[in-house]
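Here the structure comes first, spelled out in structure tokens, and everything after it is commentary.
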Amino acid sequence: MALRLYNTMSARIEEFHPIRDHEVRMYACGPTVYDYGHIGNFRTFIAVDLLRRFLRQSGYKVHHVMNITDVDDRIIHNSARDGLTVQQYTAKYEKVFLEDAAMIGIEEPILVRATEHIPEMANFVAKLAEKDIAYRADDGSYYFRISKFPAYGRLSKKDFSGILDGARVDTDQYDKDSARDFALWKAPKPGETSWQTQIGPGRPGWHLECSVMSMEELGESFDLHAGGEDLIFPHHENEIAQSESYTGKTFARFWFHARFLLVEGEKMSKSLGNFFTLRDLVLKGYKPSSIRYLLASVPYRNQLNFTFDGLQQAAVSVERLRNFRLRLNAGGFASGKNPAMQSLATETIEKMRAALDDDLNTAQAQAAIFEMVRQANTAFDTGDIKKDDVPPLLAALEKFDEIFAVIHDNDTPKMKQVFDWAIAQGREKDISPELREAAQSEQISDAEIETKIADMKAARAARDFKKSDAIRAELAEAGVVVEITKEGIRWRRK
RNA sequence: GGCGCGGUACCCAAGUGGUAAGGGAGAGGUCUGCAAAACCUUUAUGCGUCGGUUCGAUUCCGACCCGCGCCUCCA
């Protein structure tokens, strides 16, 4: 069965078929790099990442383009405030964003930057002006003439037919022909950063960059355009107006929007004190994998209530999956195979695929993997898992992790990175004991741990439990959990 | 005001016109030198409220209550 996705344009779930067979061209609106990214931003980026990964798993070659908005009013304001050039200012936050994205397992898309496409954007405006779709205001700014695009409002389901120019608003004070017309190109105010172009000095409007860069990278018509739900209007509506006026063709076929999240049941806002950047959470000691798991666990079109209790629960859930994998990898199985386990693995893969095919129902995909884990663990305890059952079970786990990317444990080095960053920023007081412990556990190498485990084994063989327990306690101190099982001793970082 | 989404157990959260996935937490148990891990049992006659349609509704319809989003640059 094919992937079925909700399309904001049609307001229905539709079967997703790309224009070109076996190839998906998608564009996602990326960050404006003027500050640290917050967890709301990352919910959207993770939703897009899950989509990208699932499309690839489904056999598509995926061209995933994302823009970096590295010029806008806030950036110009903040860089001037900090005495930096726009480029200096944005370079810092772009780096931060990419580090954060990597930290929670977001695969890096093809990145395009607004400031690297200024001439193309000016050219785009010039072409629209030739068609009288764009017009120049007295100050040198350019606006889009909405009356030239009758389909305006189709994406956001807004009816603009009743709004007449000049009837409601004194358009003169906006220097626009119609109050609804939006800026394509902004003329510089005195002292502002600007670029010299064929249409005069200025900088691109926000909507323009996405139209120009997406079409440049993906063609005039492509498969899917993604972003947060707030972008539906006006950003995406304006992109459509610009692009389709320019080409006369359908711009993007599918419109994919992720819903906003709540924090502890309330809208995230600085004034409520529930505004968190990704790094805030890691500073508090939460693992990147816990954050990713939680953000991925609620289907992207549902409101997700982000809570600290939920983060804790996510951590335990991830642990459960990791423990299961450790158990499978520990070996010690009787030879042969158990048909029940073989079909369990196959059915689980099938269920996960069906769940994700259903408009990326991540919650159901997770339910499927946990069902498998429980049943396989039971079989484990009764000795009903044989040597040949291990590869298919591991394969199902891998399929899951190709999408969710939480099982393979690389939390510790990432947390160490945040720890080092906090020190460098002079924010040592913000480092929680948990993060400190995680960063410390990075100090002890795998080889050192293995040596200590060998000592434990020797002590246990001599039935010197006191010594064995002492080593275990020592490792625990260093952030390493040691578990003694029938199959042998295994360890993991806390 | 216009348009749209949602209210499911202690918490998070799927789902269906025919009788409630999954995870976490709690309680009891099994296993175990100890500790973990793991497993088993248990926790919603109930799915915001009130009506309606139906043999049957949590699922469809209506009203109401509550929460949330967009309505010119917040993911």
Taking side-chain contact (heavy atoms from CB on, under 4.5 Å) as the test, write out the residues that go with A/Val298, two or more places apart. A/Arg43, A/Asn302, A/Leu304

Please list residues of residues 202-211 of chain A whose heavy atoms come under 4.0 Å from any atom in RNA chain B, ordered by number; otherwise none. A/Trp206

Under the side-chain contact (heavy atoms from CB on, under 4.5 Å) rule, collect the residues that match up with A/Ala226, sequence neighbours excluded. A/Ala28, A/Val48, A/Leu224, A/Phe256

Between A/Asp409 and A/Arg493, does any side-chain N to carboxylate O distance fall below 4.0 Å? no

With C1' as the reference atom in both, quote the distance from B/rA57 to B/rA20 in angstrom, rounded to an integer. 13 Å

Would you say A/Asn377 places a side-chain N or O within less than 4.0 Å of OP1 or OP2 belonging to B/rA38? no

Going 5' to 3' through nucleotides 13-26 of chain B, assign each nucleotide B (protein heavy atom under 4.0 Å from a base atom), S (under 4.0 Å only from sugar-phosphate atoms) or - (no protein heavy atom that close). SSS-----BSBS--

Between atom CG in A/Asp181 and atom C1' in B/rC73, what is the gap in whole Å? 16 Å

What integer distance in Å separates A/Met456:CE from B/rA35:P? 14 Å

Sugar-phosphate, base or nothing in reach of A/Leu261, heavy atoms under 4.0 Å: base

Evaluate the salt bridge (Lys or Arg N to Asp or Glu O under 4.0 Å) criterion for residues A/Glu192 and A/Lys186: first the C-alpha distance (whole Å), next the side-chain angles of each, then the deciding distance (0.1 Å), finally the verdict. CA-CA 11 Å; A/Glu192 276 185 355; A/Lys186 296 186 177 188; over 6 Å; no

Work out how far the C1' atom of B/rA44 is from that of B/rC55, and round it to whole angstrom. 25 Å

Partner residues of A/Tyr93 under the ring pair (Phe, Tyr, Trp, His ring centres under 6.0 Å) criterion, sequence neighbours left out: A/Tyr36, A/Tyr89

Run the ring pair (Phe, Tyr, Trp, His ring centres under 6.0 Å) test against A/Tyr293 and tell me which residues pass, sequence neighbours left out. none

Pairing residues for A/Ser245 by the side-chain contact (heavy atoms from CB on, under 4.5 Å) criterion, not counting sequence neighbours: A/Leu128, A/Ile133, A/Phe144, A/Phe149

In this structure, how many angstroms lie between the P atom of B/rA38 and the CZ atom of A/Arg325, rounded? 16 Å

Assign a letter to each nucleotide of nucleotides 27-33 of chain B from its 5' end: B, base within under 4.0 Å of a protein heavy atom; S, sugar-phosphate only; -, no contact. ------B

Whether A/Lys267 contacts B/rG69 is assessed here as follows: a side-chain N or O lying under 4.0 Å from the phosphate OP1 or OP2. Is that the case? yes

Compare all side-chain heavy atoms of A/Met341 with those of A/Asp384 and state whether any distance is below 4.5 angstrom. no

On a heavy-atom basis, the closest approach of A/Glu99 and A/Arg279 is OE1-NH2, 2.9 Å

Under 3.5 Å, which donor-acceptor pairs do the side chains of residues 452-460 of chain A form with other protein atoms, sequence neighbours left out?
unit_1: A/Lys452; atom_1: NZ; unit_2: A/Glu474; atom_2: OE2; d: 3.0

Applying a 4.0 Å non-hydrogen cut-off, can you work out what A/Ile232 is touching in the nucleic acid: base, sugar-phosphate, or nothing? nothing

With rounding to the closest Å, how many angstrom separate the C1' atoms on B/rG17 and B/rU72? 44 Å

With sequence neighbours excluded, residues passing ring pair (Phe, Tyr, Trp, His ring centres under 6.0 Å) with A/Tyr34: none

Would you please classify the geometry between the A/Tyr152 ring and the A/Phe233 ring as parallel, tilted or perpendicular, with 30° and 60° separating the classes? perpendicular

Any side-chain N or O of A/Thr378 below 4.0 angstrom from OP1/OP2 of B/rC40? yes

Strictly below 4.0 Å, N to O, side chains only: are A/Asp359 and A/Arg301 in salt-bridge contact? yes

When the P atoms of B/rG4 and B/rC40 are compared, how many Å lie between them, rounded to an integer? 46 Å

Please measure how far the C1' atom in B/rA13 lies from the corresponding atom in B/rU58, and state the result in whole Å. 16 Å

Could A/Lys270 and A/Phe275 be counted as a cation-pi pair, given that NZ or CZ must be under 6.0 Å from the ring centre and within 45° of the axis? yes

Without decimals, in angstroms, what is the distance between A/Phe260 CZ and B/rA75 C1'? 5 Å

Base, sugar-phosphate, or nothing for A/His257, non-hydrogen atoms under 4.0 angstrom? nothing

When all nucleic acid strands are considered with a 4.0 Å heavy-atom cut-off, which category describes A/Gly40: base, sugar-phosphate, or nothing? base

Starting at NZ of A/Lys157 and ending at C1' of B/rG4, how long is that distance when rounded to a whole Å? 10 Å

With A/His257, which of A/Glu229, A/His236, A/His225 fulfils side chain to side chain donor-acceptor pair (under 3.5 Å)? A/His236

Using the P atoms only, state how far B/rA21 lies from B/rU41, rounded to an integer number of Å. 14 Å

As a test of your reading of the structure, name each stem of RNA chain B as range with range, where a stem is three or more consecutive Watson-Crick or G-U pairs at under 3.5 Å. B:1-7 with B:65-71, B:10-12 with B:22-24, B:25-30 with B:38-43, B:48-52 with B:60-64

Let me know the distance between CG of A/Asp73 and C1' of B/rU72, rounded to the nearest Å. 12 Å

Compare side-chain N and O positions of A/Arg492 against OP1 and OP2 of B/rA37 and report whether any pair is under 4.0 Å apart. no

Nearest-Å distance, CD1 (A/Ile489) to P (B/rA35)? 16 Å

What pairs with A/Trp206 under ring pair (Phe, Tyr, Trp, His ring centres under 6.0 Å), at least two apart in sequence or on another chain? A/His235

What distance, rounded to whole Å, do you find between the two P atoms, one in B/rU54 and one in B/rC61? 16 Å

Could a donor-acceptor pair under 3.5 angstrom be found where the side chain of A/Lys186 meets the base of B/rC73? yes

Taking atom C1' of B/rA38 as reference, at what distance in whole Å does atom CD of A/Gln375 sit? 15 Å

Taking atom C1' in both B/rC10 and B/rG46, compute the distance separating them and give it to the nearest angstrom. 16 Å

